[in-house]
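Here's the structure, in structure tokens; my notes come after.
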Protein chains: 2
Amino acid sequence: MTTAKRDTYTPETLLTVAVRVFNERGYDGTSMEHLSKAAGISKSSIYHHVAGKEELLRRAVSRALEGLFGILDEPGATRGRAIERVEYVTRRTVEVLIAELPYVTLLLRVRGNTKAERWAMERRREFDQRVAELLKAAVADGDLRSDVDIRLATRLLFGMVNSLVEWYRPQPGGDAEGEQLADTVVQLAFEGMRSDR
Amino acid sequence: MTTAKRDTYTPETLLTVAVRVFNERGYDGTSMEHLSKAAGISKSSIYHHVAGKEELLRRAVSRALEGLFGILDEPGATRGRAIERVEYVTRRTVEVLIAELPYVTLLLRVRGNTKAERWAMERRREFDQRVAELLKAAVADGDLRSDVDIRLATRLLFGMVNSLVEWYRPQPGGDAEGEQLADTVVQLAFEGMRSDR
DNA sequence: GTCTATACCGTGATAGAC
DNA sequence: GTCTATCACGGTATAGAC
């Protein structure tokens with residue numbers, strides 16, 4: 001029942017274009033004029049599909065947040081030893097970041113100037129807290145080093161993971177590329193960069 | 001000879017205010033009206049001190065870049081074993097990030113919409129490349145693990161370091177706080193988060 | 001579903017008085 | 001050095017024809 005051909009815009013297809021431009025120029029640096037040029041339709045035609053610029057932002061960050069929160073409900077994140085759940089969530093976060101790259105990129109860059117942005121920031125904080133609790137449990141189990149503040153370690157770990165959006169660009173033919181990258185990130189984060197082990 | 005009291009603005013003191021607002025609202029999300037309110041003077045008075053909004057941005061990112069490139073000229077970054085130079089640069093980058101927090105924050109967020117931004121991004125890439133060469137040398141020495149792509153490891157390492165600007169807020173009384181934080185970052189990055197060593 | 005035309009407001013920047 | 005007044009422009013968004 002899904003229409004294959006696509007010669008006119010829907011909110012979904014328009015979102016794809018908008019998110020790309022938002023990430024190139026920044027949300028505030030993007031005007032409806034920029035969007036209309038990129039989409040190949042007039043400014044006013046955009047308003048036929050969405051209520052305005054902010055709705056596009058809201059849809060985009062919602063999608064990113066759905067992906068991230070979805071991880072926390074997966075079996076790997078709810079069962080087993082805490083350290084294993086931590087590594088699982090880290091690995092899956094990398095994979096979701098890559099799978100939903102433009103949406104998560106936008107999420108990680110919102111500044112809180114509009115209602116939609118502030119809502120997104122709040123939900124993101126929730127996610128961070130959920131992850132921080134996991135790490136805390138792993139420390140209690142004695143599987144993560146206890147000589148550094150765990151809140152700090154969580155932030156640094158996810159600072160490393162989130163930095164992916166600043167430079168990672170998916171390869172056209174790279175299929176299982178995400179899993180490989182996730183492996184490397186987990187290795188570096190938990191085993192360190194030194195070779196003398 | 002330095003005038004202690006400050007009841008009128010100079011380009012320097014104005015920059016302090018502007019950079020704070022830029023970081024709160026984003027550069028593109030900040031209008032001259034926002035700046036004038038924050039500075040307590042009228043829009044047109046701002047133009048008496050600086051040529052415009054972009055000059056404020058240029059001054060800010062210049063300051064950040066000076067701080068970062070300065071590190072590469074320090075003895076610790078030019079002498080000794082490569083691995084030691086890598087750890088030194090990492091540690092010092094954290095310290096400079098904290099010492100020049102608002103300026104580096106702005107630098108790390110530019111999108112390339114204006115000339116000043118594109119120039120800043122180019123110089124930043126130069127810095128990253130210089131650091132990547134250091135890490136490469138440390139791998140050649142056998143001191144850094146060779147089972148992961150070194151360009152990738154460099155990006156993740158500095159992704160972790162740079163993420164500081166997203167959440168670190170200096171404590172009013174915290175003096176040697178920066179050095180402590182730098183120690184932790186270096187430990188986590190090079191030794192990893194696991195406790196089983 | 002897309003267009004042209006337009007309303008209306010905030011933007012960066014300037015002129016000139018004090 | 002700061003102000004008020006003003007400019008030209010681009011911003012989001014709407015009206016209404018096709």
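What you see below is based on every heavy atom in this structure, not just the backbone, and it leaves out hydrogens, waters and symmetry mates. Remember, it's a predicted structure, so these values are computed and weren't measured experimentally. Here is the naming used below: chain letters follow the sequence lines, and residue numbers restart at 1 for every chain.
- Within the nucleic acid shown, Ser44(A) comes within 4.0 Å of at least one base atom, counting heavy atoms only.
- Contact annotation: side chain of Ser45(A) to base of dC3(C), donor-acceptor pair absent below 3.5 Å.
- Within the 4.5 Å cutoff, no side-chain heavy atoms of Tyr9(A) are placed close to those of Val50(A).
- Heavy atoms of Thr30(B) sit under 4.0 angstrom from primed sugar atoms or phosphate atoms, though from no base atom.
- One atom, NZ of Lys43(B), and another, C1' of dA8(D), lie 12 Å apart when rounded to the nearest Å.
- Regarding Ile41(A), its CD1 atom lies at a distance of 5 Å from the P atom of dT2(C), rounded to whole Å.
- Residue-level contact check: Lys53(A) touches the backbone only, with heavy atoms under 4.0 Å from sugar-phosphate atoms and none from bases.
- Considering only side-chain N and O atoms, Ser42(B) lies nowhere under 4.0 angstrom from the phosphate OP1 or OP2 of dT4(D).
- Side-chain N/O atoms of Glu117(B) and Thr114(B) include a donor and acceptor closer than 3.5 Å.
- Not one side-chain nitrogen or oxygen of His48(B) sits closer than 4.0 Å to the OP1 or OP2 atom of dT14(C).
- Considering only side-chain N and O atoms, Tyr47(A) lies nowhere under 4.0 angstrom from the phosphate OP1 or OP2 of dT14(D).
- The side chain of His49(A) places an N or O atom within less than 4.0 Å of a non-bridging phosphate oxygen (OP1 or OP2) of dT2(C).
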